[in-house]
Amino acid sequence: MENIVSLKDIIVEFEEGERILKNISLDIKDKEFVTFLGPSGCGKTTTLRIIAGFLEPTSGDVFFDGQRINGVPPHKRNVNTVFQRYALFPHLNVYENIAFGLRVKNVPEKEIVKRVGEMLEMVNLMGFEKRSVNRLSGGQQQRVAIARALVNHPKVLLLDEPLGALDLKLRKEMQIELRKIQQELELTFVYVTHDQEEALTMSDSIVVMNNGYIQQIGSPTDIYNEPVNAFVADFIGESNIVNGSMPEDCVVEFTGRRFECVDKGFAPNETVDVVIRPEDVKVIPADKAKLTGIVESVVFKGVHYEMIVDGVDHKWVIHSTKAEPVGSMIGMTFDPFDIHIMKKTEEE
Amino acid sequence: MENIVSLKDIIVEFEEGERILKNISLDIKDKEFVTFLGPSGCGKTTTLRIIAGFLEPTSGDVFFDGQRINGVPPHKRNVNTVFQRYALFPHLNVYENIAFGLRVKNVPEKEIVKRVGEMLEMVNLMGFEKRSVNRLSGGQQQRVAIARALVNHPKVLLLDEPLGALDLKLRKEMQIELRKIQQELELTFVYVTHDQEEALTMSDSIVVMNNGYIQQIGSPTDIYNEPVNAFVADFIGESNIVNGSMPEDCVVEFTGRRFECVDKGFAPNETVDVVIRPEDVKVIPADKAKLTGIVESVVFKGVHYEMIVDGVDHKWVIHSTKAEPVGSMIGMTFDPFDIHIMKKTEEE
Amino acid sequence: ASEVPEEADEEEEVSAAQTLTVSDPDYYTRFKGQNLSINVYNWGEYISTGADEGTLDVNGEFEKLTGIKVNYTNYATNEELYAKLKGGGAAYDVIIPSDYMISKMIKENLIQPLDFDNIPNFSYIMDNFRNMAYDPENAYTVPYTWGTVGIIYDTTMIDLDEEDIDWDLLWNEDYADQILMFDNPRDAFAIAELMEGFSLNTEDPKELEQAAFRLRQQKRIVQGYVMDEVFDKMGAGDALIAPYYAGDALTILEDNEDLNFVVPKSGTNLFIDAMCIPSSSRQKEAAEMYINFMCEPDIAYANIDYICYSTPHQAAYDMLDEEVRESPVSYPDSDFIADKTTVFVNLSDEANLKMQSLWTEMKSAEDENTNKWIAPVFLVACVFIMVFVLIRRHIKNKKDIF
Amino acid sequence: MKKLGKFYMLLVLLFLYVPIFVLIVFSFNETKSRSVFSGFTLDWYKRLFHNRIIISSLMNTIIIAVAASIISTVLGTFAAIGINSMRKVPKSVVMNITNMPIINPEIVTGVSLMLLFVFFAARMNLEFGFVTLLIAHITFDVPYVILNVMPKFNQMDPHIYEAAQDLGCSPFRAFRKVVLPEIMPGVVSGFLMSFTYSLDDFVVSYFTTGSTSQTLPITIYSMTRRKVSPEINALSTLIFIAVVIVLIVKNAIEKKAAKKSGMYKGDMA
Amino acid sequence: MKLKYFSAPYLVWMVVFILVPLLMIAYFAFTNDEGGLTIKYISDVGQYANIFVRSIWLALIATVICLVVAYPVAFILSRMDKHRQGTMLMIVMLPMWMNFLLRTYAWMTLLGNNGIINHLFGLIGLGPFKLINTSGAVVLGMVYNYLPFMILPLYSVMEKIDGSLFEAASDLGCSSGKTLWRVVVPLSMPGITSGVTMVFVPAISTFIISRMLGGGSNLLIGDLIEMQFLGNAYNPHLGAAISLVLMVIILVIMTVMNQFDPDDQVLM
Ligand SMILES: Nc1ncnc2c1ncn2[C@@H]1O[C@H](COP(=O)(O)OP(=O)(O)OP(=O)(O)O)[C@@H](O)[C@H]1O
Ligand SMILES: Nc1ncnc2c1ncn2[C@@H]1O[C@H](COP(=O)(O)OP(=O)(O)OP(=O)(O)O)[C@@H](O)[C@H]1O
Ligand SMILES: [Mg+2]
Ligand SMILES: [Mg+2]
């Protein structure tokens with residue numbers, strides 16, 4: 001697999017001195033499903049707009065299939081976009097919306113009929129051809145937006161939070177559908193979201209961004225299991241993050257107690273972030289535990305109970321299939337490999 | 001605990017013959033957090049409007065604190081409502097919105113200042129008194145709506161999908177906050193939602209509705225673990241629902257195989273719905289299993305993997321902490337108490 | 001109703017060069033304190049308003065003297081006045097129509113006989129302006145002004161002797177687009193009839209059609225059809241030639257030294273405007289008081305001095321400058337008046353109608369060259385739009401089917 | 001592209017403003033010439049203020065505009081409330097008739113009212129003048145009030161009416177306390193709109209005016225028809241300045257209101 | 001609900017002062033002075049066909065010019081910064097608040113044979129040209145007076161067009177010209193139709209502009225009607241008949257216009 005899109009040292013400033021993107025470099029491989037993940041305002045849309053050509057970077061280069069494409073206008077790039085709020089043409093019906101790109105390129109009518117038909121079938125909207133797009137549900141609009149982009153056979157499809165406006169159930173369905181389309185058509189998808197679960201579910205590769213920087217690039221499991229810093233860890237899943245220090249390799253000290261762990265290579269007594277996932281906290285009888293706390297609240301979540309446990313220095317979030325009575329004292333322990341040690345992040 | 005609100009045989013028809021509510025009977029206990037849960041259009045809001053007095057039932061009686069209150073207009077009922085989209089008064093600021101009900105009742109100014117102050121403190125909006133409600137975030141508006149209702153010291157607070165418009169994160173926070181308020185003030189909350197997780201998290205008691213009927217009333221664990229029919233089971237959590245039959249007590253047959261279970265009392269060979277939660281399906285080596293299937297897809301969901309397994313007659317959804325390779329053959333088994341047997345529902 | 005600011009300029013009075021004395025102050029105070037008001041409907045610029053420094057505010061003086069409020073409004077043509085009265089809605093107390101219109105109104109009972117006991121100042125009216133043809137008994141009217149129609153022209157551009165100027169100047173192709181013409185049928189037809197040598201009061205359809213033909217010929221070189229706009233256009237030098245009433249012409253001449261005014265020797269129309277009281281008047285006595293006031297020598301002089309028309313009022317005439325009294329424009333010699341001028345009389349309904357429709361036809365006629373194209377182009381455009389709409393619909397329907 | 005756009009806007013603004021500025025400049029001209037500026041004077045302004053006809057018609061205009069817009073605001077607001085709660089068919093019938101005076105050419109509205117008044121005048125003791133003018137103005141003002149108020153009902157969250165009842169208001173009180181404030185911006189803009197239309201109306205007034213009241217536009221019309229003196233330029237200048245001041249004040253008020261409510265309302269005119 | 005009855009006073013007003021007067025027009029058009037039924041006046045209208053044609057023609061030209069001039073203005077306005085839009089819109093609309101007689105009068109002084117424009121031409125040795133009292137001057141007067149009526153509806157429609165639609169179009173291969181034709185124009189159709197009616201209707205029925213700038217030799221329908229009621233040719237029956245025909249013409253034209261409106265939404 002070769003790189004289809006590459007960004008090299010991209011810097012974007014809207015106003016003099018105010019950097020929105022700070023030195024973004026990134027390679028996107030052909031036929032990959034890449035997700036940009038990050039909190040609101042971190043620069044995801046901006047990055048996408050640079051690839052699509054709506055925005056010229058202040059400095060840095062954009063490559064497409066090995067060729068530098070800075071300055072090429074959007075309508076000449078072999079890239080299509082599914083916009084955050086779809087941006088369907090309200091004066092056209094479903095059929096004409098999808099056919100729009102083809103008509104602009106003066107594709108013969110017969111070909112248009114064929115290709116739009118295929119698309120309608122793919123996104124499961126046969127019979128809706130004549131419907132005004134204003135009279136579609138959110139999910140249907142979303143599918144029209146995708147079909148409208150895909151019908152042009154772009155090499156790369158950019159999707160900017162395409163599911164942001166949908167409710168949970170529809171969202172889940174569409175996630176699966178999108179993934180299926182990407183795999184069937186063997187396209188490169190560049191996908192933007194701020195929903196970590198969505199990113200984990202769909203991507204081949206996740207780019208975690210914050211504040212104009214790329215924090216980590218990796219596969220979903222990499223990112224979930226080996227986040228490079230506390231920001232990524234916290235953003236990717238609910239986590240207990242406590243301050244700690246590393247007196248020696250494979251030993252970490254936090255909340256005044258020492259625990260075994262599997263990380264090494266830190267300076268002696270370096271202060272670190274200790275990250276433990278709620279589902280990795282094991283509840284044991286208080287008298288047998290190094291670490292104890294008092295159960296503050298228990299909430300039934302269907303699959304598991306979520307307990308907030310007040311452990312003096314830190315309120316622990318624990319997911320467990322067994323509920324403990326509120327107010328009782330419990331003990332907590334962790335497997336060494338469930339304790340993630342992370343360097344403190346400098347900036348921010 | 002006695003009943004504060006009771007509905008007896010409520011029937012609502014908007015147009016002749018078209019029944020929206022079909023014989024709803026229900027008792028709501030004092031100081032309880034009751035949730036109406038059901039899909040869109042099932043009649044939740046309608047039920048709430050009957051309790052609030054905005055709608056007179058076509059037939060049936062409404063009791064409040066033991067007294068029949070059919071025909072009593074809304075402004076004479078000791079019930080307050082938090083509307084689906086808040087319905088704040090846009091021409092009044094935060095303070096005046098909250099004070100509205102008191103002003104209408106000609107409460108002395110000193111008392112108003114005191115009570116509104118308390119409310120502002122409770123919903124954590126001190127310092128926002130003068131702010132126009134249009135310039136509040138969704139979560140803040142929501143809190144104003146609650147304060148506006150609560151300041152009147154109603155016995156019962158009706159909340160119609162108060163969190164529907166909020167994003168996930170805020171929603172979670174507000175859930176906790178609402179629950180806290182209800183417990184602190186010892187009020188009766190009648191809460192409407194179509195989000196099953198929300199219902200499970202917050203309620204003392206859940207009323208599952210569908211299509212104008214009450215399907216089940218019970219505590220969250222009751223409803224989750226012992227749904228009375230397939231609709232409830234499916235609506236409350238993702239489930240595998242297969243057709244089966246009961247050749248004898250404690251034995252159920254589905255997909256052509258017999259399994260042990262704990263339900264009895266069905267007619268011999270009665271056809272039933274068999275409901276098994278995805279997390280209750282155990283993966284075992286294929287050669288040791290009664291039931292096998294081929295893994296179709298694996299999706300990483302953070303806490304667990306979700307696998308779709310094609311088992312001839314049924315596609316099984318399995319949640320497991322270990323992923324199996326796509327295409328491999330696996331075996332599945334279930335603990336007897338994880339197999340829920342349900343009578344087929346007649347209607348719909 | 002509205003209040004006019006009461007203190008109508010105390011200072012003005014002090015600085016006023018013309019001062020007012022009335023013959024019988026008691027007569028005018030009869031209605032004081034009764035809060036009466038009268039509605040006066042007059043031609044534009046046909047009364048001294050005090051707007052120019054050193055002139056009398058006639059209506060203001062009347063209000064001050066009598067305590068009767070004057071609602072003063074304007075019309076531009078006799079026909080407009082007729083329309084308003086005929087329509088029946090508006091109640092006026094004093095109007096000042098012209099000769100032919102007066103006889104028409106008498107015939108249609110639109111104006112009522114005056115009580116001349118209430119108008120003692122009628123005695124000032126010159127003898128030769130009493131018992132005119134339009135009101136032979138002189139029961140309905142008190143003459144206000146009179147005058148002739150002539151041609152105003154720009155001497156810098158038109159180098160002709162006064163003697164040589166006649167109505168055909170208005171048909172002179174050399175001055176195409178520099179000619180203004182009356183915007184009312186009676187005056188316009190009169191000029192054409194003078195050209196043709198017909199009577200100004202002709203009712204013969206043939207003659208009327210001939211006159212209309214003349215006017216149509218002229219249309220091509222006419223810049224615009226105007227009434228009071230003449231003041232503005234000639235004053236600003238926008239046009240070179242215009243026929244107009246002698247009095248107004250003199251006013252215009254004051255503003256623009258390049259202009260001159262002649263009464264064509266071949267003859268002209270002599271008009272008389274007279275004050276009348278409509279039948280619908282509710283304040284007849286107050287209206288008569290107003291008319292009498294207008295005939296106060298000081299007032300009559302102030303008006304005539306301001307509007308520059310010729311006056312039938314002996315006392316006012318005597319107060320005029322020597323120069324004006326001698327002016328052949330304002331006061332042509334009596335032979336000319338007797339031989340060459342005609343006073344309009346009311347035409348029969350048929351003749352009026354005929355003239356009216358010929359006039360509208362003439363005005364709405366296009367220049368021949370454009371006329372040919374507009375209609376067909378317009379029709380074709382309509383057809384195109386229709387076809388387009390239908391096709392669009394058709395396509396839409398077809399789309400909905402498949 | 002941007003520059004081209006700016007240039008174009010400039011041209012259009014020039015087209016719109018040059019005539020007005022010409023009027024203003026020549027209001028200070030010493031002579032009556034309309035094309036040569038020969039010297040500066042404020043004379044015309046002085047004479048303008050001594051012109052009885054202009055002053056009294058200005059008073060008439062203001063009185064009629066104020067009366068007509070107040071009456072039509074009240075009438076129109078109540079009408080909008082009523083129409084809003086009508087069922088679909090009668091509602092659309094009423095709205096269609098209401099739109100008539102807006103869609104119809106002004107001259108037809110004026111003429112039709114004139115015919116009506118003539119008819120009344122013949123049978124009843126009606127006199128053309130203040131009353132007919134007022135009726136005519138109200139007639140073409142009310143639709144604007146209704147059209148301004150109606151959308152406010154649609155924009156309004158219908159639940160706030162219920163919310164007020166829920167908080168203890170009787171239906172009437174709920175209407176007064178929450179619905180009325182909600183539609184108030186529409187009422188106010190309806191009032192302003194009808195006020196400006198009344199101030200400016202010529203055509204309808206022309207046909208319905210009578211012997212007692214003459215409005216400023218009619219006076220202006222008669223002035224443009226005869227001996228035009230630069231008084232009229234002076235009048236234009238004063239009107240222009242008044243309009244600019246009113247608009248600036250209105251804008252400032254709107255901005256302040258927008259700030260207060262946190263919403264930006266872009267609607268003008 | 002009894003709220004309905006709030007509209008009772010207005011309904012009475014509406015019937016008496018909107019509906020009845022229109023019926024009066026019809027009544028006058030079909031009766032003569034004696035009150036007898038006749039179609040004489042309606043058929044008389046036929047003789048003024050050329051005035052109708054000219055009025056429609058001039059109004060049409062004025063409308064098209066307004067559209068062409070206003071379209072870019074509205075577009076540029078709608079794409080400005082939000083806070084500058086308000087100010088700019090006010091500046092564009094401000095002339096409309098001046099009495100339109102005065103504005104038309106201003107053109108009289110500009111266009112006159114001795115007016116400022118010819119004066120300027122004179123300075124560079126050209127002219128004088130005949131500007132005033134021509135059909136061109138009438139059209140100019142219409143364009144000048146009614147241009148804001150075109151800008152406003154166009155602007156209010158365009159302002160609502162989501163900017164991302166332009167990006168979407170360009171993403172799908174449209175150059176800016178194609179975007180204009182395929183996206184902006186169709187989306188602003190409701191604005192175009194309401195703008196066109198808002199210019200066309202007053203333009204076709206004006207009598208001031210033709211009188212002041214057309215010199216009385218370019219009669220339009222408005223002049224004709226005015227003449228029948230308050231002018232030289234007092235004849236209310238004929239006037240009513242002409243008004244009736246005018247109303248019908250406008251009705252027909254508006255129906256045709258509505259065909260172009262995709263969602264039948266008429267904005268005012
Ligand atoms: N045209 C612009 N001018 C100035 N600043 C801008 C502009 N567009 C975006 N920004 C700023 O750039 C930053 C990044 O914006 P961007 O839209 O890329 O965020 P995002 O990651 O897509 O966020 P979201 O999840 O909310 O869509 C934000 O702080 C935003 O305010
Ligand atoms: N005023 C009404 N007239 C006719 N039908 C109505 C009316 N109000 C509600 N309905 C119908 O009654 C049914 C139940 O509506 P209700 O508002 O109670 O649903 P809901 O459970 O609150 O749904 P949601 O979750 O979407 O709010 C729906 O089918 C709806 O269309
Ligand atoms: Mg974004
Ligand atoms: Mg609901």
ask   = If you take all heavy atoms of B:Ala87 and D:Ala163, which pair is closest and at what distance?
value = O-CB, 3.9 Å

key: Part of D:Ala164 within contact of chain B (heavy atom distance under 4.5 Å)   =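 Both backbone and side chain.
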
message = Do B:Pro90 and D:Met156 make a side-chain contact, defined as non-hydrogen atoms from C-beta onward lying under 4.5 Å apart?
response = no

query = Which one of B:Asn93, B:Leu102, B:Val104, B:Val79 has the most heavy-atom pairs closer than 4.5 Å to chain D?
reply =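 The candidate making the most pairs under 4.5 Å is B:Val104.
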
request  = May I ask you to name which of B:Ala149, B:Pro74, B:Pro154, B:Ala145 has the most heavy-atom pairs under 4.5 Å with chain D?
outcome  =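 Most heavy-atom pairs under 4.5 Å with chain D: B:Pro74.
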
Taking atom [atom1] of [X] as the centre, report whether more than 12 heavy atoms of other residues, nucleotides or ligands fall under 6.0 Å from it.
X: B:Arg19; atom1: CZ; value: no
X: B:Lys155; atom1: NZ; value: no
X: B:Gln67; atom1: CD; value: no
X: B:Lys105; atom1: NZ; value: yes
X: D:Phe78; atom1: CZ; value: no

task = Applying side-chain contact (heavy atoms from CB on, under 4.5 Å), run through B:His91 and D:Val178 and close with a yes or a no.
result = CA-CA 8 Å; B:His91 61 293; D:Val178 305; 4.1 Å; yes

query = Which bit of B:Leu158 comes within less than 4.5 Å of chain D, counting heavy atoms only: side chain, backbone, both or neither?
reply =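 Contact with chain D: none, neither part.
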
request  = Name all pairs fulfilling the side chain to side chain donor-acceptor pair (under 3.5 Å) condition that reach into residues 162-173 of chain D, sequence neighbours left out, sorted by first residue then second.
outcome  = B:Arg49-D:Glu162, B:Asn80-D:Asp166, B:Thr81-D:Asp166, D:His159-D:Glu162

key: Spacing of CZ belonging to B:Phe89 relative to CG belonging to D:Leu167, to within rounding of 0.5 Å   = 5.5 Å

